Each structure stands twice: as structure tokens, then as C-alpha cells.
Amino acid sequence: MILPARWVDAPDSPEDLRRYRRIWRFTVVLTLVVSIAPLLVLASLNLRQVAERLRTRQRFDLSRALATAARSVEFIVHERLSALDLLSRETPLEDLSNPVKLRRSFGSLRASFEGSKSGAFGGFVDLGLIDSGGHQICYVGPYDLRGAEYSQQSWFHEVVVRGKHVSDVFMGHRQIPHFVITVKRELDADHFAMLRATLDVTLLTQALSVPAAPGGDMFIVNRSGTLQTPSKSHGEFLGPCTLPPPSYSAHLEVRDDVDEDGAPYLLGYRFIENTPFILMGVRRRTDVRAQLDPIRAEVVSLLLASVVLILLVVLWSATTMVSRMRAVDQKRTEMLHAVEYTNRMATIGRLAATVAHEINNPLAIINEKSGLMKDLLGGVDDSGWKDRFARCIDSITRAVDRGSAVTHRLLGFTRRLEVRTETIDLAHLLREVLGFLEQEARHRTIAIETDFASVPLVESDRGKLQQIFLNLLSNAFAAVEDGGRITLAIRSADGPDRVAIEVRDDGPGIPSDQLGRVFEPFFSTKGDHGTGLGLSITRQLVQDLGGEIRVESEPGHGACFTVELPSRPRPGGGKG
Amino acid sequence: MNREGVLLVDDEEELVVTLQERLRFRGIEALVATSGADALRIVREAPVAVVVLDLKMPGMTGFEVLRHLREHDPRIRTILVTGHGRTEADPLDPAGGEFEVLMKPFSFETLVEKIRTRLDEFTEDRP
């Protein structure tokens, strides 16, 4: 336990030292707990909130990126399908079947996308016309595909059924990735024609590159899980994606998932309607941690600094507090000792005075008897014994002188305990005296009530007043049971310039036959425990200060001691 | 009433009786009382001029006796005797007067001297 070294060296009793340490420890622990615990809770709540906000933010970012990209892809694909559809319906079949005219149409189709951002010539690579039998009738483009026959291909049947088709991305003849869009034109009940165009895949990659979420990976897979655009970390382009294709949903989906290594990630996807494409976005949760770590470090360092500061302040204030408490206790103990010392000296002094007085009387008798003997010897005839008797009498007289010297010295000692006056606030003095008994009152749960009327300051002897009230209160404490009640009151007395102080207890009271004797010396109700001098000395002290003391009591209803004091000193009385 | 006698008052009978005898040897006749009440009764009946009075007695204290003596006959002279240390005039004394106070055990010669002085004063005061 960290305690100032001077406490260890201090002349406290081990019990006191333990008590101060306990108070110190209690204060430190309690203060630390109530100040640091909320701080920790607050900090962890804050961190959790920040993390939650970051996660929500990431989810939102990913959703937005996916939505933008999906709109972009949808727009690109559908814009071209529409253009192709328009061309097939607006252009006479003869023109589409004529290579020269088809080339012209292809040129104007590409030119119509010239202003758009998405790829040179709208990404159109070639254009072909296919008849109802699946034969390529006319073709414009870099590859020689005239006469190709598609009637057995799955996409051909899909176009027959649904009127249009968007193909998967595939590697074309010159190792350039493409995808193909096809639209159907009905000619009559049994015949139709198809316009088929090959599109550059950069159309798709460009659509994805625009609002890519930071730290994420966005790509397109087809329904069987083959990557349709390059991916940063989820497989080779046109190879299988490391993530399984998600189940169908009509809406944009974002969910939390965990990979095979247990690392959490955020997965979002969107099915692009009327195409085989699924737009997917992946964001590693490690990004959250990376963003959270600096915040966490900041919070933790702030927290540490606060804790260190709190610790220092708490240690300092607890040490100061306990030191002050100890200083007050020590001062109180010193005062109590001083009062006890004065009390003891007064007791000895009064005992000495009583003894001296009681001895002076027999000494006086011895003195006079020996004087008488000497007188008588004067009239006796000279005999053998007369000389001896005279010497004996002288010896007795000298012994009496010695005895009287001792008793007079004792009485002189008592006189030195005379009244010393100063101006005293009685309420303050009584509180001070109560302070001596506070601990006992607490231990025994004795209620002490004070009812201090405003009275003038008195000129009196502080030490003697302290003794008087300490004696009366000690008696009251001895009289009451644990949990009892003691009332201390100051009020104006009947006479002018006089104040009265009452000490009332709810103890068993004093039997009426003993009431008159309580102030007599050596009268005690405490058996072997008391000297029987307490109240006798108390009365002497009160009389020394020119006051009076009274007692009222009814057996079973406690006792009340009333001390009446003059505001100004008027010593005397009682002795003679 | 012609006052000429001496009264010794003390609750210690042995002391007053011995003093009475020793005073007789010196030619001074003295009466004795062992309580304040006795003393006052004797003063009323006998022509006492000087009272030697112990201050501390059970029942009536020396000071009370003194007050009654003053009331009875202010001419009566007193010599106070005490076993206690207090020799200065007591501020509570109603007369506020000054007293001869002898500390027990006192020298007999001093007492005799003081009694003679008081008796002489009394004689001089007599009209």
C-alpha cells in the first residue's frame, strides 16, 4: 500500500495507523471506482458507436456504389438493345440485307453513340442480320462471319422465344473479350429476322470503374459464377469467381459474411434485369478496423491520461484528507490529554488540600497539648524527669512544625491552581468538549442533541470549564444505555449576567435519597470503578468560577445537571 | 453589658479545652464552644469581648457565626483560625472587613499576643 513514509514513522498506535490506512484505502478505491468506471463505460460505448457508424457508413457506401454501377450497366445494355431494336424496325429488310446499306446503317448506329461517354462508337464491334433459319445473311465487321449458322445455339432459341438476348462475356476470335446482344424483328406469322451486334467488354468495366468504393472490389459474374469483368481479388477474368453466385433477388442486397479464413466481409450484389449479369461488390471488414484503430488509439490515450490524472488527484486528495484528519485527531487527543492532566492535577490538588486541612486540625491539638505540658512542667518541682520531659516536648513541637511546613506547602501548591480568566464562547467550548466524546457516541449510537440559545460571551477559565463539562458529560455517558439520548442546552439564567448550561440524560436517574449526596466527596454509584470525586471536584470547580451547580432527577426519567455561571468572574465561596 | 471575656470556638473540643487551660495559666479566662450555635448562645449570655473563631465547622460555618456576631454586637473583636490555605480576606464576606487569620497549627504565643491586643483595644474603646 502506498502511504506517505511519515505515517509509518509517526507515533500513532498500530490500531490508529490501521484505521487511517483503512480510511485512505477506502477513499482511494471508492473515488477511483466512481470516477474511472463511468469513464471506461463511456469510452467503450463511444468506440462501439463509432465502429457501428463506420460499419453503417461502409454498408451505405457499398450500396450506393453498387446502385450507381448497376444503373450504369443497365443503361448501357438497354440503350444499345433499344438502338438495335429501333434499327431493325425502322430500316427496310432489303436495306439490312444489302451489305453496303447495312454498313451505312452500322456507321450511323456507331455515330449515334459518338457523343456518349461509354466507349468509342458505343462499343459496337460488328453487326449482322440472321434469318429465320439461323443463317447469317449479311454482316459488317472485322470478322468474316457470313454464312454462319446459329439455329442450334441456345441464344438463338431464346431470341426466338423472348425477342432479345444479352450473352455472357466470352473471348472472341482475336482474343478480345466480347458480349453479344440480339433483337428479333417479326416479318409475318412464320418469318422473322434478327439483328445481332457484338459489344466491347470495356463498356462494362468502364461502368464499374466510376464510383468504386474505397478499398472494395466490384465486378460482374454471370449466373454460373464466371467472372465477366476483371476482379482485384476474386478470381481470374473469365474464370470462376471465388465467391459462389448469390441466389436471385429483385433488389439490391447487402449482407455480412465470413470467408473461409474467418475474416468478416461485406457482400453486396444486384441482378441486372434481362441480362445474365450479376453485379457484385465486396468490402473487407478489415477496412473498418483500419479506420477504427486511430480513433481507438486516440480514445485510449485520452482515457489513460485521464486515469493517470485522476489517480494522481485522488491519491493526493486522499492523502491530504487523511493527513488533515490525523492532524485534527492528534490535536484533539493532545487537548484531551491536557484536560485530563489538568483534571488529575486538580484532583490531586484538592485531595492534598483536604488532607492538609484534616491534618492541620490534629496537628493543632498536638501542638497545644505539648504546649500545655510545657506550661504544666514550669510549675513542677525540679526532678530527674523534668529535663527529659522538656526535651521530649521540644521534640514534639519541632515535629509539629515539620508537619505543618509540609501541609502548608501542599496548600500553597493548591493555590497555584487558581482561576485564569479569558473571554469564552460557551457554545464553541461545548462543541469542543463534545468532540472528545464523538467517537464513543458513534460507537454506542448515543444521540447528542444541542440546543444553544444565543448568550453573551463569558469571562471565565477555559480549562476549568472544559473539566466541568467533560465530567458532567462523562457521567451522562456512563448513565445512559447504548442508543440513549443526551441533551446539552445553553440558556439565559434567571439572574442578571448569568447563563445556565444543562446536561440532561435519559438514564435510570438518581434515587431521591441519594440526590442530596451526589456532590459529596467519595460518594460514588459506580462501585469500584469510581473515585467518588468527580462531581465533588466538579462542584468545587463551578464554585471557583463563582457559579452554582444543581441536580434534578426522577428515578426512571434520567437526570439533569444545571450549571449556572456568572458572565464576569466572581471567584470565591466554598472554602474556609 | 461590660464585655471583657474571651470565647474560643472550634468543633475540635480537645483543642479549645487545651487552649482554655493554657490561657488560664497566662491569666486570661476563656469560655469554649464547639459549634456556631453554642457560640452565639454564650455570646448572648456572657460578656464576651474577643472571639477566636474556627472558619470551618459542621453546621454553621465561621463566616455565618461572624455575621451573627456583628449583628448582635458590632464591638466584639474576632480572631479567625483556619486549617485551610486561604489567608487573604474572603471576597464573599458580607462586611468586607479585614481579619486576623491564624493558620493551624499556630504559635500559642502569637495567639496570646493577639488576644491581649484585642482586649486592650476593647478597653480603650469603652466609653
Side-chain angles (χ1 to χ4, degrees), chain A residues 349-350 352-380 393 396-419 520 540 543-544 546 566 569-576, chain B residues 8-28 30 32 34 36 52-67 80-94 96 99 101-112:
Chain A
R350 277 169 215 289
T354 310
V355 167
H357 184 249
E358 293 308 319
I359 287 176
N360 277 343
N361 276 326
L363 275 182
I365 295 171
I366 295 169
N367 196 33
E368 295 317 313
K369 289 289 182 194
S370 59
L372 178 60
M373 280 159 76
K374 205 171 179 180
D375 292 348
L376 293 174
L377 266 185
V380 171
I393 289 163
I396 291 171
T397 312
R398 277 201 303 279
V400 167
D401 288 346
R402 269 174 61 195
S404 109
V406 170
T407 55
H408 288 166
R409 220 179 297 142
L410 271 182
L411 291 166
F413 164 76
T414 318
R415 264 203 305 283
R416 281 202 296 277
L417 302 168
E418 289 297 324
V419 175
E520 281 179 21
Q540 278 292 347
Q543 288 172 346
D544 285 354
R570 201 143 59 96
K575 302 176 192 174
Chain B
L8 304 173
V9 189
D10 197 313
D11 56 318
E12 298 278 357
E13 192 175 358
E14 285 288 344
L15 185 66
V16 282
V17 168
T18 313
L19 282 173
Q20 183 185 36
E21 197 174 353
R22 292 193 75 188
L23 286 173
R24 191 178 300 135
F25 288 131
R26 306 283 191 292
I28 300 170
V32 297
T34 52
V52 179
L53 184 60
D54 186 22
L55 284 177
K56 187 159 187 178
M57 289 184 293
M60 203 182 286
T61 68
F63 280 113
E64 286 172 78
V65 176
L66 189 63
R67 207 171 63 239
L80 300 182
V81 175
T82 178
H84 210 282
R86 192 177 284 266
T87 53
E88 62 270 35
D90 197 299
L92 275 191
D93 170 41
F99 308 97
V101 179
L102 286 178
M103 294 275 293
K104 282 183 185 176
F106 42 79
S107 148
F108 182 70
E109 308 309 327
T110 314
L111 179 69
V112 170

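From a predicted model like this one, the values you see are computed outputs, not experimental measurements.
Not a single side-chain hydrogen bond (donor to acceptor under 3.5 Å, both in side chains) links B:Glu21 to another residue, sequence neighbours left out. Considering only residues two or more places apart in sequence or on other chains, B:Arg26 meets the salt bridge (Lys or Arg N to Asp or Glu O under 4.0 Å) condition with A:Asp375, B:Glu109. Residues satisfying the salt bridge (Lys or Arg N to Asp or Glu O under 4.0 Å) criterion with B:Asp11, sequence neighbours excluded, are absent altogether.
At a heavy-atom cut-off of under 4.5 Å, chain B is reached by A:Val400, A:Ser404 from residues 396-406 of chain A, listed in order of number.
Closest approach of B:Phe108 and A:Glu368 over heavy atoms only: CD1-OE1, 3.3 Å. Pairing each heavy atom of B:Phe25 with each of A:Leu372, the nearest pair is CE1-CD1, 3.5 Å. When all heavy atoms are compared, the tightest approach of A:Lys369 to B:Glu14 is NZ-OE1, 2.6 Å.
Crowding of B:Glu13 atom CD: a count of heavy atoms from other residues, nucleotides or ligands under 6.0 Å not exceeding 12.
Of the inter-residue distances, the one linking A:Thr407 atom OG1 with B:Lys104 atom NZ reads 11.5 Å to the nearest 0.5 angstrom. We find the CG-CG distance between A:Asn367 and B:Leu15 to be 9.0 Å, quoted to the nearest 0.5 Å.
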